[in-house]
Amino acid sequence: MLFFLITLVSARLDGRAETPFDPCRSCHEIGPGAKNRVGPHLDGILGRQAGSVDGFAYSKAMLKAGEDGLTWTAETLSEYVSKPRDFVPGNRMSFRGMVDAEDRAALIDWLRENSGAKPADDVTAVSPAPTVSSDMASIVLQTEGDPAYGEYLSTECVTCHQASGHADGIPSIVGLPRDYFIRALLAYQSNIRDNEVMKLITSSMGNEEMAALAAYFGSLSPN
Amino acid sequence: MTTTTRRTVLWTLGAGAAALGMPSILRAETKPRVVVLGGGAGGATAARYIAKDSKGALDVTLIDAAEKFTTCFFSNLYLGGYRDFESITHGYDTLESSYGIAKITAHATAIDRDAKQVVLADGSKVPYDRLVVSPGISLLYDSVPGYSEALSEDAPHAWKAGRQTQILKEKLDALEDGQKVIILPPPNPYRCPPGPYERASMMAHLMQAKGLTNSKVVILDVKEKFSKKGLFLEGWENHYPGMVEWYGPDIHGGIQHVDVAGGTVETDLDTFQGALLNIIPAQRAGEIALSAGLTDDSGYCPIDPASMRSQADPDIFVIGDASIAGDMPKSAFAANSQAKVASMTLRADLLGSKLFPAKYANTCWSLIATDDSVKVGGQYAPGDGKIASTAGFISQMHEEPEKRQANYEESLGWYKGIVSDMFG
């Protein structure tokens, strides 16, 4: 699994031990001072109403599930994580699912122990941009994206990635943080993330195109 | 001329037309009028993008003879039992209610290019300032000796989705063990290059699932090569050993005659017998493009590769299967991609909006068996006077099952994506 591989690599670089949470870490923060990233922060996740973190751009489906009474417990989380697309149809979490019940139990045990911390005072604050100057992503991040150009380029993306932000087998790319979006494109371009279509699509993209797309999709909200 | 003057003039024209008892096709509006012919992957996308991006500044009308559109893409999955018919059939309601597009459900019989209007079957006329022509293909039934449109009830082509697809499904479901299906794929160029071979895969899957282990799919091809050939041959060997036979012209020597009533296909080599004949004849652009003089000798419509504008008429754009799109295959993905370039150019024509360099994309997924999907894709840009390929990929043989399963999931996501991009 893509996210899993990426996380393993970053975990080693960080010197962190492997945990059941690793597949989640590329999108979710947890622990003291956690903020929203691609997904909402997960401090206090157990017992939390679905779709209830302030300032996170949830799908309408997840907001409605919360309003209809969905609360994250060991049971509901396990069911959700087994196949997110089926449990809350129309939600925008791009995760195919954790098939093995033991893996899910281990993840939920880990969350029980690690989700008790206090999140950041302002969970919506965007994490600082990477500072390593040789990093390709930081070069693209310094390019100002033209949202109008991005809107034109986006017409190629939305044949597969739904403009509504729904994820039905293809990840949602609506409302993503700029740095995450650009890093993902670079990872496809350099084959760190393995997908032929995305490698092809990104092969003709320069800094300007990536920055424009990040600016445009970052400006959209899921519905 | 000021806006007020122009509005007055048009309003007067409209009133004059009404006074003369003419059909009320001249509307009392100043908005430039865009008409889109054909509500498929090209036309529906074009109508939606033109309406959406012009933010009410253009009057958009979409004409299609059908109330609802059944997608040719994924119709093979319906044949194989993976989808139901409703799941591949879509209405135009959202395009009307959320995008302000006027949908006319009528057969368009002609384009009067001098008067800049589309003529409908009842004789009424729909005027346009710019016209998008996306009629898909027409079938040349007599390209297969012995075949005809009338015989397509008994030997369905199912190459235009809808009732034909249902007829083929009914006949497939009625097959008994030991009975054969014969597929006659068309010559190039045609709609959906991997389609006949994905269809053979879905037929074999259905036979296998129903325990018709003595049944077979026989493909009598007029081409030596076809899209994803290696991948299909490998897949058939793996999943359906002995159940799919493919014969190219080197082997059968040429198709002489089909006898639909007798269920036979006569070739130089032999006469093949099938309980079900699936005959897919040669193709060219939809009839209306031909009668409007938009086609060349090839039977398809030459376009400007930077804009999809017809080479025969600057006020007309031709997109999708009917166009000569250079290196791009005739696919829904390609039509959807071309629609966006045409829409951008058309808006620039009428509203002066910004033009960006044209670029095009295509990806085609084909399902060989459950969770075994292969794909081919390309990127394209204007070059050498055509839409030229700039990069591409194709699935590899002997890939991991996980990868093929991920392809399948991706194809399901694409279906949802393109359908929402077409119909809102």
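Chain naming here is simple, since letters A, B, ... match the order of the sequence lines and numbering starts at 1 in each. If you're wondering where the values come from, they're calculated on a predicted model, not measured in any experiment.
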Checking A:Glu156 against B:Lys340 for the side-chain contact (heavy atoms from CB on, under 4.5 Å) test, could you report, in this order, the C-alpha distance in whole Å, the side-chain angles of both residues, the deciding distance, and whether it holds? CA-CA 8 Å; A:Glu156 187 170 297; B:Lys340 291 161 185 175; over 6 Å; no
In Å, rounded to the nearest 0.5 Å, how long is the span from OG1 of A:Thr159 to CG of B:Asn362?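 With rounding to 0.5 Å, OG1 (A:Thr159) is 10.0 Å from CG (B:Asn362).
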How many angstroms lie between atom OG of A:Ser203 and atom CD of B:Gln379, to the nearest 0.5 angstrom? 5.0 Å
So for [X], is it side chain, backbone, both, or neither that comes closer than 4.5 Å to the heavy atoms of chain A?
X        : answer
B:Ser337 : neither
B:Lys403 : side chain
B:Ala406 : both
B:Tyr408 : neither

Quick one about A:Gln162 and B:Asp421 (side-chain donor to acceptor, distance below 3.5 Å, no hydrogens or angles considered), yes or no? no
Would you check, one step at a time, whether the test side-chain contact (heavy atoms from CB on, under 4.5 Å) holds for B:Val376 with A:Glu196? CA-CA 9 Å; B:Val376 61; A:Glu196 295 97 330; over 6 Å; no
More than 12 heavy atoms of other residues, nucleotides or ligands under 6.0 Å from [atom1] of [X]: yes or no?
X        : atom1 : result
B:Lys386 : NZ    : yes
A:Asp54  : CG    : no
B:Asp84  : CG    : yes

Under 3.5 Å: donor-acceptor pair, side chain of A:Tyr152, backbone of B:Pro357: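 Yes, because the side chain of A:Tyr152 sits within donor-acceptor range (under 3.5 Å) of the backbone of B:Pro357.
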Interface moiety of A:Leu153 toward chain B, non-hydrogen atoms closer than 4.5 Å: side chain
A:Thr155 portion near chain B, given a 4.5 angstrom heavy-atom threshold: both
A:Cys160 versus B:Phe333, closest heavy-atom pair with distance: SG-CE1, 3.9 Å
Step-by-step side-chain contact (heavy atoms from CB on, under 4.5 Å) determination, A:Val197 to B:Phe393: CA-CA 8 Å; A:Val197 180; B:Phe393 74 88; 3.6 Å; yes
Quick one: does A:Arg85's side chain get under 4.5 Å of B:Glu409's, heavy atoms only? yes
Find out whether B:Lys416 and A:His166 are in side-chain contact, i.e. whether some heavy atom of one side chain is under 4.5 Å from a heavy atom of the other. no
Electrostatic pair A:Glu151:B:Lys354 at N-O distance under 4.0 angstrom: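 Salt bridge flag = no for B:Lys354 with A:Glu151.
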